[in-house]
Amino acid sequence: MRTRAGRPIAPCIEGLTAKQTTINSVMKWKELIEEVAAVGVGGDSDQPVTGVEYDSRKVRPGSVFVAMKGGSTDGNRYVDKAIAAGALGIITDSAPTFDHLLVFQAGLPLLEVEHGRRALAQASAAFFGHPETRLAATGITGTNGKTTTAFLLEALLNAAARTTVLVGTIEYHVAGEVRPSVHTTPESRDLFELMAEGAARGATELVTEVSSHALDQGRATGVNFDVAVFTNLTRDHLDYHGTMEKYFAAKRLLFDGTVYPAPRVAVINAHDPRSERLATAASRAGAEVRTFGIGVGDWRAASHSLTPGGAVLELQTPAGSAKVTSRLAGEVNILNLLAALTAAHARGVPFEQLIESVPSLKPVPGRFQPVDAGQPFTVIVDYAHTDDALRNLTALARQMTAQSGGRVITVFGCGGDRDRTKRPRMGQAAGAGSGFVVATSDNPRTEEPLAILAEIEPGLKSSGVQYCIEPDRTTGIGLALKAAKAGDVVLIAGKGHEKEQIIGFTTIPFDDAEVALSALAELGYGKGQ
């Protein structure tokens with residue numbers, strides 16, 4: 001059993017005490033801060049700690065408030081509100097500029113720390129009874145495929161009678177209970193709470209998507225990943241990272257042991273151009289490296305054939321070989337499946353059991369999700385929101401139309417207040433893979449929709465595709481469906497599972513699949529079915 005800091009990584013749920021699986025309701029301030037790396041401390045309290053919070057709006061009497069600098073705001077600005085709400089004590093990462101008088105006048109203890117998010121993780125782990133010691137964690141990072149790989153891995157673990165906590169983009173799962181997702185990777189306090197609830201219900205596995213933002217900001221602090229998965233790296237999030245190299249450096253943190261403990265096993269996509277660099281970094285940090293791919297890698301599809309309902313592949317691995325049938329369509333889903341199989345085996349699921357489970361694996365909501373109202377053409381909703389994802393999506397659609405002779409019709413947009421450099425590339429990718437494109441709004445946020453579309457249009461023009469510009473997404477989806485004929489494939493890309501659209505500072509209900517069904521009904525499909 002591999003250990004770090006004296007704590008077991010492998011799950012062991014027999015003989016758990018209440019403290020190990022639930023909130024420590026008798027913890028005092030002094031006990032809590034013993035587990036937090038500090039640069040200064042003052043004061044004490046005999047009152048029990050009732051919570052750890054980083055959002056002043058959630059502070060209740062007895063809460064410890066962690067005032068930390070964030071990406072969009074600074075929690076140190078809200079200490080007065082936390083005190084007014086009944087905070088028991090304050091932890092701050094801004095001691096030189098912090099208004100100490102506020103705390104001293106309130107008679108509260110204060111802890112000064114260098115890293116706010118690290119302190120939040122340490123305090124949260126202590127308060128929630130160290131649930132990270134009860135769950136074996138698998139972290140999945142990459143530009144595309146994180147969500148599908150996470151869902152598939154959870155399904156494989158569940159089929160092996162493992163109880164899981166899943167944290168990701170679409171939703172959270174806590175020992176079978178489905179909850180709405182707030183962030184792809186939540187703040188450590190929220191993650192520890194989910195883990196504690198899961199452990200209390202018998203969960204032994206954590207499967208979580210780990211975004212580059214979370215890795216860079218330290219939101220994954222305190223979780224020792226037993227297995228780490230790298231799906232791929234394509235251009236995205238440069239509005240945050242600035243360069244592809246910095247983007248890669250953030251992803252690499254999950255593997256190289258420089259900020260987070262290196263995983264026991266690193267699962268890496270052999271096709272990615274940076275795979276060798278990542279494998280070398282992981283290996284040097286002490287991780288066992290397992291690669292996957294189509295025709296390459298330790299776990300590989302030696303051959304495969306795509307079918308209307310999925311794929312058939314000849315699987316070759318160090319653990320054995322087998323022919324398997326998958327219900328997930330396209331080569332990109334073969335890679336997602338291989339990643340999940342490799343990770344599940346690394347978590348101790350026998351090869352034979354994995355093979356038995358593959359045929360029952362279901363497609364993930366919003367990931368190549370069909371919309372069927374009895375129409376003579378195919379409608380697919382997918383989360384593809386990068387140029388690489390659009391290329392993969394349209395390539396799969398072209399394979400589907402090869403027999404019918406139909407064309408690929410793509411509806412897509414680009415999010416506002418995000419990386420502007422990818423907009424013409426997404427236009428070019430959509431145009432190159434389609435016979436007709438409707439460029440529309442995604443989540444324009446505070447940008448003018450027509451301004452976003454103007455930056456997409458050069459890529460469309462360079463591809464030579466027939467296209468139209470329609471800033472209203474509902475209208476755009478309707479135009480695409482009205483243009484479709486028998487044998488065509490209509491791709492509605494960009495939002496996938498999302499149920500909302502952000503326009504300005506307003507969020508409105510919006511579900512691509514529901515909008516498509518309504519448009520199809522207006523065209524006469526689905527009535528009376």
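The basis for the numbers below is simple: all heavy atoms, side chains too, and nothing from hydrogens, waters or symmetry mates.
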When you check the gap from the basic side-chain N to the acidic O, do [X] and [Y] get nearer than 4.0 Å?
X	Y	result
Arg445	Asp417	no
Glu498	Arg473	no
Arg347	Asp226	yes
Arg219	Glu209	no
Lys58	Glu53	no
Arg201	Glu177	yes
Lys499	Asp511	yes
Lys69	Asp93	yes

| Knowing that exactly one of Glu197, Glu171, Glu193 qualifies, which makes a salt bridge (Lys or Arg N to Asp or Glu O under 4.0 Å) with Arg179? | Glu197
When you compare the side chain of [Y] with that of [X], does any pair of heavy atoms fall below 4.5 Å?
X	Y	answer
Phe65	Ser56	yes
Asp80	Ile83	no
His345	Leu354	yes
Val39	Val113	no
His115	Gln122	no
Val207	Val167	no
Phe98	Leu110	yes
Phe368	Pro363	no

| message | Does Ile140 form a side-chain contact (heavy atoms from CB on, under 4.5 Å) with Val210? I'd like the steps, not just the answer. | response | CA-CA 6 Å; Ile140 303 166; Val210 190; over 6 Å; no
Under 3.5 Å: donor-acceptor pair, side chain of [X], backbone of [Y]:
X	Y	result
Ser357	Gln353	yes
Thr221	Gly218	yes
Thr163	Thr204	no
Glu31	Lys28	yes
Lys495	Glu500	yes
Thr50	Gly62	yes
Thr386	Ala389	yes
Ser211	Ala214	yes
Arg290	Ala343	no
Ser181	Gly168	yes

Once you round to the nearest 0.5 Å, how far does [atom1] of [X] lie from [atom2] of [Y]?
X	Y	atom1	atom2	result
Asp442	Met426	CG	CE	7.5 Å
Leu157	Glu205	CG	CD	5.0 Å
Phe255	Arg252	CZ	CZ	11.5 Å
Leu88	Ser63	CG	OG	8.5 Å
Asp382	Asn392	CG	CG	9.5 Å
Leu337	Leu153	CG	CG	11.0 Å

[X] atom [atom1], over 12 foreign heavy atoms within 6.0 Å:
X	atom1	value
Arg162	CZ	yes
His183	NE2	no
Glu288	CD	yes

Closest approach of [X] and [Y], non-hydrogen atoms and distance?
X	Y	value
Ile452	Gly416	CD1-CA, 3.7 Å
Pro471	Ser441	O-OG, 2.6 Å
Ala279	Val289	O-CG2, 3.6 Å
Ala319	Trp299	CB-CZ2, 4.2 Å
Arg189	Val52	NE-O, 2.8 Å

| request: For Trp29 and Leu111, run side-chain contact (heavy atoms from CB on, under 4.5 Å): C-alpha distance rounded to whole Å, both residues' side-chain angles, the deciding distance at 0.1 Å, then the answer. | output: CA-CA 10 Å; Trp29 167 262; Leu111 189 73; 4.0 Å; yes
| request: Could you walk me through whether Glu112 and His100 pass side chain to side chain donor-acceptor pair (under 3.5 Å), step by step? | output: CA-CA 10 Å; Glu112 299 173 350; His100 292 68; 2.8 Å; yes
| query | So Phe151 and His173, would you call those rings parallel, tilted or perpendicular, with 30° and 60° as cut-offs? | reply | perpendicular
| query | Per the side-chain hydrogen bond (donor to acceptor under 3.5 Å, both in side chains) rule, which among Thr97, Asn76, Asp99 passes with Thr92? | reply |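 The passing option is Asn76.
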| message | Before you tell me yes or no, could you show the steps for Tyr172 and Asp190 under side chain to side chain donor-acceptor pair (under 3.5 Å), namely the whole-Å CA-CA distance, both residues' side-chain angles and the distance that decides it to 0.1 Å? | response | CA-CA 11 Å; Tyr172 300 160; Asp190 303 321; over 6 Å; no
| task | Find out whether the Lys NZ or Arg CZ of Arg367 is both under 6.0 angstrom from the six-membered ring centre of Tyr383 and within 45° of the ring's axis. | result |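 Yes.
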| said: Looking only at side-chain N and O atoms, does Thr164 offer a donor or acceptor that is under 3.5 Å from a partner on Glu154? | reply: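 A pair is found: one side chain offers a donor N or O, the other an acceptor, under 3.5 Å apart.
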| request: Verify whether one side chain among Asn269 and Thr231 offers a donor that lies under 3.5 Å from an acceptor in the other. | output: no
| Aromatic contact, Phe128 with His130 (centres under 6.0 Å) |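 Judged by ring-centre distance (under 6.0 Å), Phe128 and His130 do not meet the cut-off.
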| message | Against His497, only a single residue in Asp512, Thr169, Val381 fulfils side chain to side chain contact (heavy atoms under 4.5 Å, CB included); can you say which? | response | Thr169
